[in-house]
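Working notes for the structure below.
Letters A, B, ... are given to chains in the order of the sequence lines, protein chains preceding strands, and every chain is numbered from 1.
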Amino acid sequence: MVDRFPHYDVLAKRDTPSWNPQTRKVIGDRLATEEPEVLTPGQRATLRAVVDRIVPQPEQRPATNATALVLHKIMTNESDGFRHHELPQVREAWERGLDAIDAEAQERLGHPFAILDGDKADEILRAIEQGDVQAAAWASLPAMLFWSWRLIPDIVSAYYAHPSAWSAMGFGGPAAPRGYVRLQANRRDPWEAAERDDGRVISAEERNIHVG
Amino acid sequence: MSADPQHAPQASAGRAPDVFKPGGWVPMRQYPEIDEVDFVIVGTGAGGGTLACKLAEAGFSVVAMDAGPYWRPLEDFASDETHQQKLYWTDERIVDGDTPLKMGSNNSGKAVGGSTVHFAMVSLRFRPDHFQTRTKLGYGADWPIGWQEMWRYYDEVEEMLKIAGPVRYPWGPKRGRYPYRAHPLNAAAEYLARGAEALGIDWTETPIATLSAPRGKAHPCVYRGFCVTGCSTNAKQSVLVTWLPRAIEAGAEIRDLAMVGRVETRNGRATGVHYHRNGEWRFQKAKNVVVAGYAIETPRLLLNSANDEFPDGLANSSGLVGKNLMAQLNQAAWGQVEDEVRSYKGPPSLAISEHWNYEDSGKDYFGGWSYMSQGPLPIIWAKSLAGGRSLWGQDLIDEMNRNNHSVGLKMVGETLPDERNRVTLADETDQYGLRIPRITFAFRDNEKAMIKHAVDFMDQSLEATGATERWKEMNDTCHLNGTARMGDNPTTSVVNADCRSWDIPNLWICDGSVFPTVGGVNPSLTIQAVACRTGDRIREMAARGEL
Ligand SMILES: Cc1cc2nc3c(=O)[nH]c(=O)nc-3n(C[C@H](O)[C@H](O)[C@H](O)COP(=O)(O)OP(=O)(O)OC[C@H]3O[C@@H](n4cnc5c(N)ncnc54)[C@H](O)[C@@H]3O)c2cc1C
Ligand code: SF4
């Protein structure tokens, strides 16, 4: 896909009135988050491969650290405030889930999940999504519930917590104390992303370089 | 700067945080625990915070406790969906039933000011008939309060919150002008308006609890769109920045990071509460106890307080504590348009239609619903697409990257009271050693019929504006109510019209859990109106020696 918002970078607004000091701090901390030593190396490799398939990295932009953020959540075992009655807590669900994903790949294709090519990996993931699983490991973890209550929300939440993902969407990003002035359709504040539009005299690239 | 509000209580040593000033403090009265205060209130949200103010102003000694932190929005809130998870109730809860509810960020706050710290500020009155659905419309249960009386209390709350709303409201009996002028529409709201006009129904600017003009130390809304993660400019008129400063000025004490674990009773009367603060269990004596912890924590506390006198939990002779949980329907229709909509700008729901909350003909189900324009932030939107359309991989990324052209309409729909939808106690315990709630919920035929009608209608409205690639999000729920309903009869309700429990005369419940029915609008204006009424009633009863 072509980049809809060429040269637009939410981070260019870091030192503008769109970011208050507490926002600068929490996003700075997030960008600096590295993979913690949690789970086994094999489970971590499986997770990395799953994340790559669920939320492919943005092209032409810095990669997100979604895997590190998910691992962080697993490490703290932090609840979202609810748990489906058939699922264990965060960390245990992920441990069992990653083992089961790997077992499913071994069972069907004879290889660990982490080394599968994209199409094969997607085939396994689709089977889990649909609950069409073969590995015995799923006996202690309902596959479809793990998918929709744990795997998907945790991974997409981690990816869309990253400024690269916001920039690719043309999302304004943090906006306090300076909010927005032009609320109507097709109106853009100078500190918002310009979308690629070949008819314009000044290109989106040019306009996005001045966003700040 | 003060210590982290999440880990160290802020309201102590005779002062409370000044929410209008970074690092600021206001003087706060404090009450020794051995003194029997007139009222201890559990929870400082829409119900508890409002009532704390009313009772303190009526001259009662009041201590209001909240399990959550005492924030100063100006210095503590980041402009970030993930970080602001700190506003939600994320202690473990088990969900089951055919439609297990998503909790946490979806519906539960944990902060001084309660869920109003992160709510979307939509401030609506019930339709008058909805206070008497059983008698007038043949379903649900009647409220023991009439709409005319509620109308007066709505006036009071709207004035207190300086609600910004339209000059003329299209539905229901006449109401006065809203205190502040309506906010301008954003592009997402214009799409609602155009769709409604094409289908020949009324729409209006949403009455909303964020400032459209300066008020005291608070500035008007800057249209930054992060409302459901907390407003870092104080434009939002939450309980934290409205009722509570007034309560403190009138002599109320707020105790933050104070988790109440048990209400104590002796000889059939409440004597005070056991609460956990600063790492230890403590006891506050009180002449009256008010439980205002919202529709899950209120029944949980009453059930966890079971003792020899009340083995089934407090106020539970009817057996109804925890039952009739009503989670409002929150389904949506979405589509794509040519225009750049950029729905991240402005409060998420600036336009509304209550048409189907007032119109009963053409329905094959009971109850009403309204619908509003939408502006989901990236994580919420990604979860909607991944959950509602099963998108992942490059399909998800590509769809996300078209978000500036997405528009949507979302319903707030009535769920019927049903005793099978309920809160009970699980065997598992939390960090305080208290049994956690188990929440059982299912949509029945009536909800399913309403959802079908609503999403089809919203879809037609989008179609009429030229939106293409439309889809329906079928699984969402929002506001919670019920679980300790009010009524006229001790065998079919938990509290009376004054929010006073039938079983224990000095135990009161004042929050969203007292609703017998939920209506087709967002609940918090009604919760605050009921709290204002309760405050007035308690003052009158005290004057007559009836407490
Ligand atoms: C994302 C979102 C958007 C919303 N948008 C709207 C909207 O636009 N309009 C609207 O009308 N409503 C909205 N709501 C709903 C509204 O916020 C709630 O209906 C309302 O705040 C409920 O009021 P309450 O007093 O019952 O409980 P709350 O306001 O939740 O207050 C309960 C408080 O009690 C505390 N508590 C609970 N148990 C204990 C205990 N044992 N000890 C000590 N403290 C305890 C909690 O920490 C909490 O602070 C929204 C909610 C959410 C989550
Ligand atoms: S849009 Fe307005 S109310 Fe919402 S967070 Fe921003 S300033 Fe506050």
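Proximity to chain B involves both the backbone and the side chain of Val55(A), based on heavy atoms less than 4.5 angstrom apart. Using a 4.5 Å cut-off between heavy atoms, Ser232(B) touches chain A through its side chain atoms alone. Of the atoms belonging to Ser390(B), heavy atoms from both backbone and side chain fall under 4.5 Å from chain A. Contacts of Lys110(B) with chain A are absent, with no heavy-atom separation under 4.5 Å from either backbone or side chain. Heavy-atom distances place no part of Tyr191(B) under 4.5 Å from chain A, backbone and side chain included. Proximity to chain A (any heavy atom under 4.5 Å) is restricted, for Leu101(B), to the backbone atoms N, CA, C and O. Interface residue Asp91(B): only backbone heavy atoms are found under 4.5 Å from chain A. For Leu185(B), the part sitting under 4.5 Å from any heavy atom of chain A is the backbone (N, CA, C, O) and nothing else. Only the side chain of Glu190(B) comes within contact range of chain A, judged by heavy atoms closer than 4.5 Å. Residue contact with chain A, scored on non-hydrogen atoms closer than 4.5 Å, involves the side chain of Glu428(B) exclusively.
There is no side-chain donor-acceptor pair under 3.5 Å between His83(B) and Gln22(A).
Nearest heavy-atom pair, Met103(B) versus Phe82(A), reported as atom, atom and distance to 0.1 Å: N-CD2, 3.2 Å. Here the closest heavy-atom approach between residue Leu183(A) and residue Pro184(B) is recorded as CD1-CG, 4.0 Å. Of all heavy-atom pairs between Pro378(B) and Met169(A), the closest is CB-SD, 4.0 Å.
Relative orientation of the Phe171(A) and Tyr344(B) rings is perpendicular, given thresholds of 30° and 60° on the angle between their planes.
Side-chain atoms of Asp80(A) do not come within 3.5 Å of backbone N or O of Lys102(B) as any donor-acceptor pair.
From Asn404(B), atom CG reaches atom CZ of Phe5(A) across 4.5 Å, with rounding to the nearest 0.5 Å.
Glu195(A) has its side chain within reach of His405(B): a pair of non-hydrogen atoms, C-beta onward, lies under 4.5 Å apart.
Taking the charged nitrogens against the carboxylate oxygens, Arg188(A) and Glu340(B) have no contact shorter than 4.0 Å, which rules out a salt bridge.
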